[in-house]
Amino acid sequence: MNGQVRAGLPARPGTHPPRHSPALPPAAATLSSMPDSTIRVRIAPSPTGPLHIGTARTALFNFLYARHVGGTFLFRLEDTDVARSTAEFERDIIDGLHWLGITWDEGPDTAGDMDHGPFAPYRQMARLAIYKEASDRLVAADLAYPCFCTPEELDADRKAQEAARQPPKYVGRCANLAPDERTARLAGTGRPPATRFRVRPGVVGWNDMIRDRIEIDTTNLGGDFVIVRGDGTPLYHFTVVVDDAAMEISHVIRGEDHVGNTPKHILLFEALGHAVPVFGHLPLILNPDGTKMSKRKSQTAIDDYRAEGFIREGLVNYLAYLGWSPGTEEDVLPLDEIIAKFDIDKVHKGGAKFDRGRLEWLNGQWIRRLEPNDLIDRLRPYLQAAVDDGRISRLPADDEVGPLLPVVQERLPTLAAVVDLVGFLWIDDLVVDPALVVPKRWDPATTHEALVAARDILAAHDTVTWEADELEPPLRELAETRGWKAGDLFMAIRVAVTGRTATPPLFDTLVALGRELTLARLESAAAVVGAPTVR
RNA sequence: GCCCUCAUCGUCUAGAGGCCUAGGACGCCACCCUUUCAAGGUGGAGAUCAGGGGUUCGAAUCCCCUUGGGGGCACCA
């Protein structure tokens with residue numbers, strides 16, 4: 001990617017009003033170059049759904065770009081789709097981005113807030129007057145015009161085009177109406193007109209930050225497009241441009257699915273008399289089948305990943321490496337180093353399939369790097385959730401979890417996995433499958449004998465010295481004197497006290513269980529195998 | 001139908017004409033460690049760089065074509 005050829009910008013330095021100094025970048029600001037305050041990027045999600053993984057990735061790349069060059073990153077809510085926008089989604093998006101560690105210099109920091117920054121408000125429904133002024137200006141200059149077409153007419157047009165195997169396109173019915181014709185159309189439809197932007201003939205091109213030169217003939221844009229609905233609310237293509245212009249956005253970094261929108265936006269910037277920002281189109285995140293990642297085929301809500309126990313460090317690291325790599329062989333990289341190394345010129349052009357297995361591995365890497373107390377804090381909500389839905393009987397205290405960490409931390413692919421791993425510790429009435437207690441090479445009678453013997457040995461053990469390395473020798477000795485394989489004995493004990501065949505190391509487990517519970521479970525398991533149900 | 005766009009192991013990627021008989025990671029397989037499961041270590045299989053033409057002394061890297069994939073074409077964003 002040649003960064004030297006850039007469209008329009010950095011926009012008219014002299015014409016911008018004095019800028020407020022942006023909030024200081026995070027401590028991580030290991031800038032590899034001088035801060036560039038002329039660079040302003042944004043993420044502008046629509047609160048019509050929970051934070052989508054694609055939105056998070058786009059936000060992350062904008063954030064990385066801004067922080068790397070010392071520019072400004074802002075957050076704007078595009079809530080003009082009133083029917084689908086909700087305060088709940090707004091909260092989910094903002095909280096989700098914050099959770100990932102993505103911060104912005106301008107825009108609402110919490111749902112409902114809108115006054116943080118020099119260009120407030122940052123919520124489009126609060127900026128209606130601005131769009132109104134802009135559309136009036138375009139209509140006055142005849143760069144846009146009122147369109148009286150009804151949904152039925154437009155639908156019929158579209159159907160006819162489809163039948164004729166033609167690309168969908170506005171037919172221009174209202175493009176050149178005389179004043180009296182407009183009056184007549186208005187009377188005929190009886191509804192307020194929408195406003196359409198005139199698409200001028202010619203070719204529109206730009207030097208994309210990541211895919212070089214792109215040129216599109218405007219005849220392929222689908223004709224004049226609506227910028228304001230009949231009810232007066234503005235549409236996306238219009239609001240993005242008006243706001244990106246007003247908020248002095250210098251670089252628009254967004255998903256590849258916007259490539260076809262870019263010529264429309266460039267036309268609008270020109271009509272509005274504003275310098276055109278630089279555009280950069282990121283490759284898409286793909287479903288396993290190679291199509292654009294969708295809710296239908298993949299898990300797309302960031303909050304669902306959080307609920308499963310993915311941690312921000314893992315998710316951010318993974319997302320950053322989807323379509324970008326530092327060019328070194330480091331796979332596990334903290335956010336501050338990603339910022340320092342981020343280079344938009346190294347962003348790929350091709351889409352990347354979402355690989356959950358790789359995400360889990362990376363998440364495990366990050367969990368292993370967590371400080372013990374931090375890990376306990378992060379584990380607590382997942383333990384509480386297990387209490388809430390009855391998977392475990394009680395919430396263990398921090399000082400119960402702490403000692404477990406050495407054997408648990410390296411076994412967790414996700415935080416939620418802690419319940420599967422050691423949940424048996426906090427289950428009051430553990431159910432043990434009799435068939436599972438009997439080791440492969442053993443029969444129920446041997447197992448019963450072994451469990452009873454093990455119980456007696458452990459019962460004879462002094463309570464004060466209930467330590468892993470003191471519990472092991474006598475049991476090994478038991479196996480040896482009876483001619484049993486230690487592994488078989490251990491497995492029988494393991495299943496008896498945990499109900500599972502895969503657990504942390506046995507003696508650490510017995511210590512965690514405590515003397516009483518260990519003995520009680522050995523007894524009840526012995527009873528279970530000792531009295532097999534007759535088939 | 002039209003427009004745009006992309007193309008290195010199954011997956012994420014390194015690669016900016018000779019350092020490439022293509023490197024790393026995930027996953028997979030084997031071994032080591034080992035009381036199970038993980039983690040960790042070692043090794044292995046796995047890509048004729050989509051195919052075909054050029055350019056060049058030399059191409060995964062540059063150009064063209066083909067094929068395949070993807071995105072888009074609303075009074076959604």
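Naming: A, B, ... by sequence-line order, numbering from 1 per chain. Keep in mind that this is a model prediction, so the values were computed, not measured.
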Roughly how many Å apart are [M] and [N], using the [atom1] atom of each and rounding to a whole number?
| N | M | atom1 | value |
| --- | --- | --- | --- |
| B:U66 | B:C6 | C1' | 15 Å |
| B:C37 | B:G43 | C1' | 23 Å |
| B:A16 | B:U21 | P | 14 Å |
| B:C65 | B:G23 | P | 32 Å |
| B:G46 | B:C28 | C1' | 9 Å |
| B:U34 | B:G27 | P | 23 Å |
| B:U61 | B:C4 | P | 24 Å |
| B:G44 | B:G24 | C1' | 16 Å |

Complementary nucleotide of [N], counting Watson-Crick and G-U pairs under 3.5 Å:
| N | value |
| --- | --- |
| B:G1 | B:C73 |
| B:C28 | B:G44 |
| B:G68 | B:C6 |
| B:U34 | none |

Send over the distance from [X] [atom1] to [N] [atom2], rounded to a whole Å.
| X | N | atom1 | atom2 | value |
| --- | --- | --- | --- | --- |
| A:Tyr318 | B:C26 | OH | C1' | 9 Å |
| A:Tyr321 | B:C26 | OH | P | 13 Å |
| A:Asp331 | B:G27 | CG | P | 11 Å |
| A:Leu359 | B:C12 | CG | P | 14 Å |
| A:Lys349 | B:A16 | NZ | P | 15 Å |
| A:Arg411 | B:G40 | CZ | P | 12 Å |
| A:Asp355 | B:A25 | CG | P | 15 Å |
| A:Phe507 | B:U36 | CZ | P | 11 Å |

Verify whether one side chain among A:Asp224 and A:Tyr145 offers a donor that lies under 3.5 Å from an acceptor in the other.
yes
Donor-acceptor side-chain pairing of A:Arg482 and A:Thr446 below 3.5 angstrom
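Per modelled atom types, A:Arg482 and A:Thr446 side chains form no pair under 3.5 Å.
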Please work out which of the three classes, parallel, tilted or perpendicular, describes the rings of A:Tyr321 and A:Trp324, given edges at 30° and 60°.
perpendicular
Over 60° means perpendicular and under 30° means parallel, so tell me whether A:Phe61 and A:Phe342 are parallel, tilted or perpendicular.
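Perpendicular.
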Taking any heavy-atom pair under 4.0 Å as a contact, classify [X]: base, sugar-phosphate, or nothing.
| X | value |
| --- | --- |
| A:Glu162 | nothing |
| A:Phe354 | nothing |
| A:Leu322 | sugar-phosphate |
| A:Pro283 | nothing |
| A:Gly255 | nothing |
| A:Ile214 | sugar-phosphate |

Has the side chain of [X] got a donor or acceptor atom that lies under 3.5 Å from a matching backbone atom of [Y]?
| X | Y | value |
| --- | --- | --- |
| A:Thr218 | A:Arg200 | yes |
| A:Gln409 | A:Leu370 | yes |
| A:Arg211 | A:His281 | yes |

base_contact_polar (B:A39 base, A:Arg368 side chain, donor-acceptor, <3.5 Å)
no
Does the B:U11 base have a donor-acceptor partner in the side chain of A:Arg358 within less than 3.5 Å?
no
Give the nucleotide from the list B:U35, B:C6, B:U13 with an atom nearest to the side chain of A:Arg211.
B:C6
Going 5' to 3' through nucleotides 62-67 of chain B, assign each nucleotide B (protein heavy atom under 4.0 Å from a base atom), S (under 4.0 Å only from sugar-phosphate atoms) or - (no protein heavy atom that close).
------
Could you run through nucleotides 70-77 of chain B and give me one letter per nucleotide, 5' to 3': B if any protein heavy atom sits under 4.0 Å from the base, S if only the sugar-phosphate is that close, - if neither?
SSSBSBBB
Between A:Phe225 and A:Phe238, does the ring centre distance come in under 6.0 Å?
no
Quick check, are the ring centers of A:His258 and A:Tyr236 under 6.0 angstrom apart?
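Ring-ring flag for A:His258/A:Tyr236: true, centres closer than 6.0 Å.
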A:Glu162 atom CD, neighbour heavy-atom count above 12 within 6.0 Å:
no
When A:Glu410 and A:Gly327 are each assigned the nearest nucleotide of RNA chain B, the 5'-most assignment goes to A:Gly327
Quick check on [N]: is either OP1 or OP2 less than 4.0 Å from any side-chain nitrogen or oxygen of [X]?
| X | N | value |
| --- | --- | --- |
| A:Arg476 | B:U35 | yes |
| A:Ser325 | B:A14 | yes |
| A:Gln166 | B:C3 | no |

